[in-house]
Amino acid sequence: MTPFEIYDKVLAFATTPTTIICNLHSACSPQKGKKYLCIQAGSETPVIDFDEIKVQADAARGLGSMSRKSVDALAVTPSSNFLCFIELKSWELLIKHHGTEENIRAQANKYSSDLPIKLSDSIQICKEITHDSNVFSGCNMLYILVSDISVADDGIMAFNSDLTALAGTSSNLKELCNKLTQGIMNNITSVETRYWECRNFDRELFSL
């Protein structure tokens, strides 16, 4: 199937309409007791709440709610060239409340373990919904991790540099977050990956 056909099948399975990433992001969503980081919703791209899809799919199979994991959202690029599995993470909250290098590295280790499982489980759920084990044959997929901190180019390009202990300033901690996150995404080789800042989500998506 094409990316759009898969997206359309999953949307037909959903019990709620599409939303935007701003409403799914724990650091930002008024639905989660927060305020939009951009004063108002910064994204206009419709996405499917895939956590909800997982709950429905698990219930349909008689599985417990904790039996599988899922990405946060599913989208298709405006060009219809890519089906996008989207995971939303907040480094900003961690830095604000528990901002130490040790805590950041511990969180990155958790992401490193969880993110591949979320992707593989989400892919399996799409196969179940479409009743087609080969549904992704010929379909271009992206796994996108979206963060609320600035994804600085120099931080990403410096990934191969030595990750020595950094001073506990906010900017240096954010640089560490970016380096560790890019490393995690680089290690996922089953699909193409991207690491984007949430404020640039629409622009990056439209470029594909």
To check you understand the geometry: which heavy-atom pair defines the closest contact between [X] and [Y], and what is its length?
X	Y	answer
Pro3	Asn81	CG-O, 3.7 Å
Tyr7	Pro46	OH-O, 3.7 Å
Trp91	Ile104	CH2-O, 3.8 Å
Asn134	Asp132	N-OD1, 2.8 Å
Ser133	Lys127	O-CE, 3.5 Å
Ile21	Leu88	O-CD1, 3.7 Å

Find out whether [X] and [Y] are in side-chain contact, i.e. whether some heavy atom of one side chain is under 4.5 Å from a heavy atom of the other.
X	Y	value
Phe201	Thr45	yes
Asn140	Val191	no
Glu128	Arg61	yes
Thr2	Ser80	no

* Asked: When you look at Ser147 and Glu197, which way does the side-chain hydrogen bond (donor to acceptor under 3.5 Å, both in side chains) test go after all the steps?
  -> CA-CA 5 Å; Ser147 177; Glu197 180 180 344; over 6 Å; no
* **side-chain hydrogen bond (donor to acceptor under 3.5 Å, both in side chains) partners of Asn187, counting only residues at least two apart** =>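 Asn187 satisfies side-chain hydrogen bond (donor to acceptor under 3.5 Å, both in side chains) with no residue once adjacent residues are dropped.
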Mind checking whether [X] and [Y] sit in one hydrophobic cluster, side chains of I, L, V, M, F, W, Y counted as touching below 4.5 Å?
X	Y	value
Phe85	Val47	no
Phe13	Ile48	yes
Leu24	Tyr195	no
Ile184	Met141	yes
Phe50	Val55	no

* So, Ser67 side chain and Leu63 main chain: donor-acceptor pair closer than 3.5 Å or not? -> no
With a 4.0 Å cut-off on N to O distance, would you call [X] and [Y] a salt bridge?
X	Y	answer
Glu92	Arg199	no
Glu5	Lys9	no
Lys69	Asp114	yes
Lys118	Glu87	yes
Arg68	Asp58	yes

* Asked: Please walk me through it: do Asp202 and Ser43 pass side-chain hydrogen bond (donor to acceptor under 3.5 Å, both in side chains)?
  -> CA-CA 6 Å; Asp202 285 13; Ser43 176; 2.6 Å; yes
* Show your working on side-chain contact (heavy atoms from CB on, under 4.5 Å) between Leu176 and Arg105 and close with a plain yes or no. => CA-CA 9 Å; Leu176 178 62; Arg105 289 184 183 277; 3.7 Å; yes
* Asked: So, Asn109 versus Ser112: side-chain donor-acceptor pair below 3.5 Å or not?
  -> no
* Short side-chain donor-acceptor distance under 3.5 Å, Thr19 and Asp49 ->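 Judged by distance alone, the side chains do not pair up.
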* Phe136: what forms a ring pair (Phe, Tyr, Trp, His ring centres under 6.0 Å) with it, not counting sequence neighbours? ->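 So Phe136 forms no ring pair (Phe, Tyr, Trp, His ring centres under 6.0 Å) with any residue.
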* To do: Using the side-chain contact (heavy atoms from CB on, under 4.5 Å) rule, take Thr193 and Leu145 through it: C-alpha gap first, then chi angles, then the decisive distance, then the call.
  => CA-CA 8 Å; Thr193 63; Leu145 193 145; over 6 Å; no
About how many Å separate [atom2] of [Y] and [atom1] of [X], when rounded to the nearest 0.5 Å?
X	Y	atom1	atom2	answer
Lys174	Asp148	NZ	CG	8.5 Å
Leu74	Ile6	CG	CD1	8.5 Å
Glu175	Ile149	CD	CD1	10.0 Å
His25	Cys198	NE2	SG	6.0 Å

* **side-chain contact (heavy atoms from CB on, under 4.5 Å) between Thr181 and Asn178, intermediate numbers included** => CA-CA 5 Å; Thr181 303; Asn178 282 335; 5.7 Å; no
* Start with the C-alpha gap between Asn186 and Gln182, add the side-chain angles, then the distance that decides, and say whether side-chain hydrogen bond (donor to acceptor under 3.5 Å, both in side chains) holds. => CA-CA 6 Å; Asn186 285 347; Gln182 189 63 56; 3.0 Å; yes
* To do: Report the C-alpha separation of Ser70 and Asp121 in whole Å, then their side-chain angles, then the decisive distance to 0.1 Å, and conclude whether the side-chain hydrogen bond (donor to acceptor under 3.5 Å, both in side chains) test is met.
  => CA-CA 6 Å; Ser70 64; Asp121 283 358; over 6 Å; no
